[in-house]
Amino acid sequence: GLPSIHQALQVCGAQRIGHGVRIVDDIVDGKLGRLAGWVRDRRIALEMCPTSNLQTGAARSIAEHPITALKDLGFRVTLNTDNRLVSGTTMTREMSLLVEHAGWTVEDLRTVTVNAVKSAFIPFDERNALIRDVILPGYESALSSSPLT
């Protein structure tokens, strides 16, 4: 919940929030509360695990999962699997579910992939090189041949 997110940020100095889906509790009719605004403005990564969130009841469906709204509001969301074995999922499945049920495009997948690398705990130069040399060229190839765009 919001108190846990606040504590992780303010007391522990977190730079990423695992299961950040609860930040939606601080957003009403598209208006961000103080905590949500702080998280978005400081580009704090929100790790989203749609399948896990369905299993725990944090979301009712992939189509209604907050990851789409948060992405559209400019939050730095990342797509994750949580625990692949317990959740019975993979990154490919998580991406496919968002495309099939939430209308995501290759551009949306690229955005959350770049977000994840921007928020990785590796040196800045390595993050930039991964984005520039691996992620963006890979997605450009996918974009040029994908019916999802």
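By convention here, the first residue in the shown sequence is residue 1. These numbers were taken from a predicted model, which means no experiment stands behind them.
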Rounded to the nearest 0.5 Å, how far does [atom2] of [Y] lie from [atom1] of [X]?
{"X": "Thr78", "Y": "Ile17", "atom1": "OG1", "atom2": "CD1", "value": "11.0 Å"}
{"X": "Leu97", "Y": "Ile67", "atom1": "CG", "atom2": "CD1", "value": "11.0 Å"}
{"X": "Thr89", "Y": "Asn80", "atom1": "OG1", "atom2": "CG", "value": "11.0 Å"}
{"X": "Ile23", "Y": "Leu35", "atom1": "CD1", "atom2": "CG", "value": "4.0 Å"}
{"X": "Lys71", "Y": "Leu79", "atom1": "NZ", "atom2": "CG", "value": "11.5 Å"}

Tell me whether [X] shares a hydrophobic cluster with [Y], the cluster being built from Ile, Leu, Val, Met, Phe, Trp, Tyr side chains joined at under 4.5 Å.
{"X": "Val114", "Y": "Leu143", "answer": "yes"}
{"X": "Met48", "Y": "Leu2", "answer": "yes"}
{"X": "Met91", "Y": "Leu136", "answer": "yes"}

Enumerate donor-acceptor pairs with a distance under 3.5 Å from any side-chain N or O in residues 116-129 to protein atoms, sequence neighbours excluded.
unit_1: Ser119; atom_1: OG; unit_2: Asn115; atom_2: O; d: 3.1
unit_1: Arg127; atom_1: NE; unit_2: Lys118; atom_2: O; d: 3.2
unit_1: Arg127; atom_1: NH1; unit_2: Ile122; atom_2: O; d: 2.7

Partner residues of Gln10 under the side chain to side chain contact (heavy atoms under 4.5 Å, CB included) criterion, sequence neighbours left out:
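Side chain to side chain contact (heavy atoms under 4.5 Å, CB included) check on Gln10 returns His6, Trp38.
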Contacts of Ile27 that satisfy side chain to side chain contact (heavy atoms under 4.5 Å, CB included) - sequence neighbours left out:
Leu32, Ala36, Leu70, Leu73, Phe75
For the residue pair Ala58 and Val21, what are the closest heavy atoms and their distance?
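Taking Ala58 first and Val21 second, the nearest heavy atoms are CB-CG1, 4.2 Å.
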Heavy-atom closest contact (Leu9 atom, Ala14 atom, distance)
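Closest pair (atom of Leu9, atom of Ala14, distance): CD2-O, 3.5 Å.
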Pairs meeting criterion side chain to side chain donor-acceptor pair (under 3.5 Å) with involvement of residues 43-67, two or more places apart:
Arg16-Glu47, Thr51-Arg93, Thr51-Glu94, Ser52-Asp82, Asn53-His65, Gln55-Ser87, Arg60-Glu64
Side chain to side chain donor-acceptor pair (under 3.5 Å) partners of residues 25-36, not counting sequence neighbours, each pair once:
Arg22-Asp25
Would you please name every residue forming a side chain to side chain donor-acceptor pair (under 3.5 Å) with Thr68, sequence neighbours left out?
Trp104
Report the C-alpha distance between Ile44 and Arg76 in whole Å, list the side-chain angles of each, state the deciding distance to 0.1 Å, and finish with yes or no for side-chain contact (heavy atoms from CB on, under 4.5 Å).
CA-CA 6 Å; Ile44 303 294; Arg76 183 174 280 177; over 6 Å; no
Please tell me if the side chains of Met95 and Thr113 come closer than 4.5 Å, counting only heavy atoms from C-beta onward.
yes
If we ignore angles and hydrogens, is there a donor and acceptor under 3.5 Å between the side chains of Thr105 and Asp108?
yes
Can you sort out the partners of Arg40 under salt bridge (Lys or Arg N to Asp or Glu O under 4.0 Å), two or more places apart, ordered by chain and number?
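Once residues adjacent in sequence are excluded, Arg40 has no partner under the salt bridge (Lys or Arg N to Asp or Glu O under 4.0 Å) criterion.
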Going by salt bridge (Lys or Arg N to Asp or Glu O under 4.0 Å), name the residues that satisfy it together with Glu100, two or more places apart in sequence or in a different chain.
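Partners of Glu100 by the salt bridge (Lys or Arg N to Asp or Glu O under 4.0 Å) criterion come out as none, since no residue qualifies.
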Salt bridge (Lys or Arg N to Asp or Glu O under 4.0 Å) contacts in which one or both residues fall within residues 131-141, not counting sequence neighbours
Arg110-Glu140
Begin from the C-alpha positions of Val106 and Val99 and carry the test side-chain contact (heavy atoms from CB on, under 4.5 Å) through to its verdict.
CA-CA 8 Å; Val106 174; Val99 168; over 6 Å; no
